[in-house]
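Written out below as structure tokens is the structure these notes cover.
Just so you know, these numbers use all the heavy atoms, side chains as well, and skip hydrogens, waters and symmetry mates.
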Amino acid sequence: MEIPSTEWKLVLDYWNHNNQELYFLVRCLYECYGVNQEHKIKCLVHYFEKVCLNMPTGNVSFERKVLPLKNSQSYLVYPEPDFWSKSSVSLCPLEVRTSGMIEDQSTEALEVDFANKYIGGGALSRGCVQEEIRFMINPELITSMLFLSSMADNEAIEIIGAERFSNYTGYAKSFRFSGDHVDQKSVDSMGRRKTRIVAIDALCDTGNRQYRCGFLLRETNKAFCGFFDHQKHQEYQKIFVQNGIENSISSDKEMSMKIEGEIGVATGNWGCGAFGGDPEVKAVIQWVAASQALRPFILYYTFNLEALQKLDVVVKWIVSQGWSVGEVWNILVEYSTQRLNRETRVGFFSWLLPALQDDDPMVLDVSHVT
């Protein structure tokens with residue numbers, strides 16, 4: 001049932017006397033009223049209705065992931081540019097998905113939250129984009145806002161086990177609650193639903209500065225911090241050769257040491273949109289970071305963004321070249337340098353494959369590439 005905005009004060013008055021926590025939460029949304037805000041409240045009310053009828057069991061875990069800035073025997077340190085430029089790690093498979101949403105994917109993948117450095121962003125205020133919507137349909141995520149402080153450049157946050165309670169349609173101003181969601185994800189040995197969400201915050205409003213090497217490094221390391229399994233550092237030490245600035249894979253055989261059933265990454269246009277990131281560059285950054293983290297695959301949701309219409313073609317062409325992480329990183333740095341110096345104005349894909357601008361069938365026909 002729709003509640004007219006003029007009646008929200010009555011709701012607030014009721015909750016002020018009966019549940020102080022809900023009062024402050026709803027008041028925050030009420031003070032910046034919009035239809036989408038009303039539907040954010042509906043998601044939260046629906047959550048409380050469901051848990052009052054059937055209290056969930058199990059656990060949700062919260063982890064702050066850190067790449068130390070100084071040498072550490074226990075953790076992989078914050079990489080410098082040479083770490084990336086000299087990497088011989090192979091690129092992981094990247095599957096482009098032009099429809100669907102990250103939260104709807106059915107594989108056991110790490111689902112990326114395009115986060116604010118203050119996790120949750122505007123979930124309890126005006127925000128209603130990717131991160132805020134995720135916090136509304138998985139309200140247990142909101143608890144992270146109580147005790148997890150802002151993320152530094154070398155930090156990410158991973159949350160495992162948050163149950164989804166709501167379905168929705170739309171985005172931003174068109175966001176609407178559309179009913180109950182029954183979460184079918186299985187539960188692990190710790191009683192957590194196998195929903196893994198990693199929050200990584202992109203740089204905001206960098207404009208042309210995003211092509212500086214330091215900015216590229218920050219974004220790549222941020223994604224790598226989120227994608228890397230820090231709990232398996234000892235296993236990765238057998239693979240990574242960390243001697244000064246060196247970083248290589250000693251053999252293909254060691255690459256096969258990756259555990260069967262390892263968890264991939266489900267992501268999309270991280271740091272684009274309101275944050276102003278270059279979607280072509282951000283896609284490649286995430287591919288490089290996930291590959292270096294030895295993730296077995298990426299599911300990349302383009303959300304029908306025009307700039308990424310040729311992403312599948314470019315990915316298949318790059319794979320056909322047999323390039324390593326280091327080679328792709330160096331190419332990305334070269335492009336960014338030219339872009340920064342205004343030696344080129346075309347997007348990364350067209351710069352890499354000029355024939356894309358003319359829809360050259362010799363380039364576009366990648367059906368032979370597996």
Verdict with reasoning, Lys282 to Asp278, per salt bridge (charged side-chain N to carboxylate O under 4.0 Å, His left out): CA-CA 6 Å; Lys282 281 293 198 295; Asp278 182 327; over 6 Å; no
Non-hydrogen atoms of Gly271 and Ala202 that approach each other most closely: CA-CB, 3.5 Å
Polar side-chain atom of Asn116 near backbone of Ile119 as donor-acceptor pair, under 3.5 Å: no
Close side-chain approach of Phe114 to Ile102, heavy-atom, < 4.5 Å: yes
Side-chain touch Arg176/Asn36, heavy atoms, less than 4.5 angstrom: yes
His230 and Phe228 aromatic ring geometry - parallel, tilted or perpendicular at 30°/60° bounds: perpendicular
Heavy-atom closest contact (Phe227 atom, Leu110 atom, distance): CA-CD2, 4.0 Å
Residue Lys117 excluded, over 12 heavy atoms near NZ under 6.0 Å: no
Passing option when Arg164 is tested against Asp183, Asp180, Asp104 for salt bridge (charged side-chain N to carboxylate O under 4.0 Å, His left out): Asp104
Separation between CD of Gln338 and OG1 of Thr344, rounded to the nearest 0.5 Å: 6.5 Å
Identified side-chain contact (heavy atoms from CB on, under 4.5 Å) counterpart of Leu305 within the set Thr98, Leu311, Asn269: Asn269
Plane angle bin for Phe83 and Phe224 - parallel if under 30°, tilted between 30 and 60°, otherwise perpendicular: tilted
Pair Arg64, Ser149: side-chain N/O donor-acceptor within cut-off below 3.5 Å: yes
Interatomic distance, Glu103 atom CD to Gln130 atom CD [nearest 0.5 angstrom]: 7.0 Å
Residue pair Phe62, Phe147: steps toward the ring pair (Phe, Tyr, Trp, His ring centres under 6.0 Å) verdict: CA-CA 10 Å; Phe62 302 82; Phe147 59 89; 5.2 Å; yes
Short side-chain to backbone donor-acceptor contact, Asn330 and Ser85, under 3.5 Å: yes
Heavy-atom closest contact (Asp205 atom, Ala274 atom, distance): OD1-O, 3.7 Å
Backbone N/O of Tyr171 and side chain of Ser174: donor-acceptor pair under 3.5 Å: yes
Pair Lys40-Glu132, salt bridge (charged side-chain N to carboxylate O under 4.0 Å, His left out): steps then yes or no: CA-CA 9 Å; Lys40 287 170 67 175; Glu132 290 86 359; over 6 Å; no
Side chain proximity check, Trp351 to Glu334, heavy atoms < 4.5 angstrom: yes
Derivation of the ring pair (Phe, Tyr, Trp, His ring centres under 6.0 Å) call for Trp323 and Trp329: CA-CA 10 Å; Trp323 289 338; Trp329 165 264; over 10 Å; no
Aromatic ring pairing His46/Phe177, orientation class (parallel under 30°, perpendicular over 60°, tilted between): tilted
Heavy-atom pair of closest approach, residues Ser291 and Ser90: CB-O, 3.6 Å
Interatomic spacing from CD1 in Ile160 to NZ in Lys194 - rounded to 0.5 Å: 11.0 Å
Met145 atom CE: more than 12 heavy-atom contacts under 6.0 Å: yes
Salt bridge (charged side-chain N to carboxylate O under 4.0 Å, His left out) between Lys65 and Glu63, worked out: CA-CA 6 Å; Lys65 308 171 78 170; Glu63 176 190 2; 5.5 Å; no
Residue Glu306 excluded, over 12 heavy atoms near CD under 6.0 Å: no
Side-chain (Gln37) to main-chain (Ser125) donor-acceptor, under 3.5 angstrom: yes
Check: Met190 main-chain N/O paired with Asp188 side-chain donor or acceptor under 3.5 Å: yes
Test item: Asp201 and Glu155 side chains (from C-beta on) under 4.5 Å apart, heavy atoms: no
Distance in Å, Glu108 CD paired with Thr195 OG1, rounded so as to fall on 0.5 Å steps: 9.0 Å
Close side-chain approach of Phe303 and Leu308, heavy atoms under 4.5 Å: no
Aromatic ring pairing Tyr168/Phe175, orientation class (parallel under 30°, perpendicular over 60°, tilted between): tilted
Any donor-acceptor N/O pair, Glu280 side chain to Phe349 backbone, under 3.5 Å: yes
Approximate separation, where rounding is to 0.5 Å, of Gln286 CD and Ile298 CD1: 6.5 Å
Side chain proximity check, Ile159 to Val60, heavy atoms < 4.5 angstrom: yes
Heavy-atom check, side chain of Phe348 versus side chain of Arg339, under 4.5 Å: no
Straight-line distance of Ser144 OG to Ile197 CD1, nearest 0.5 Å: 9.5 Å
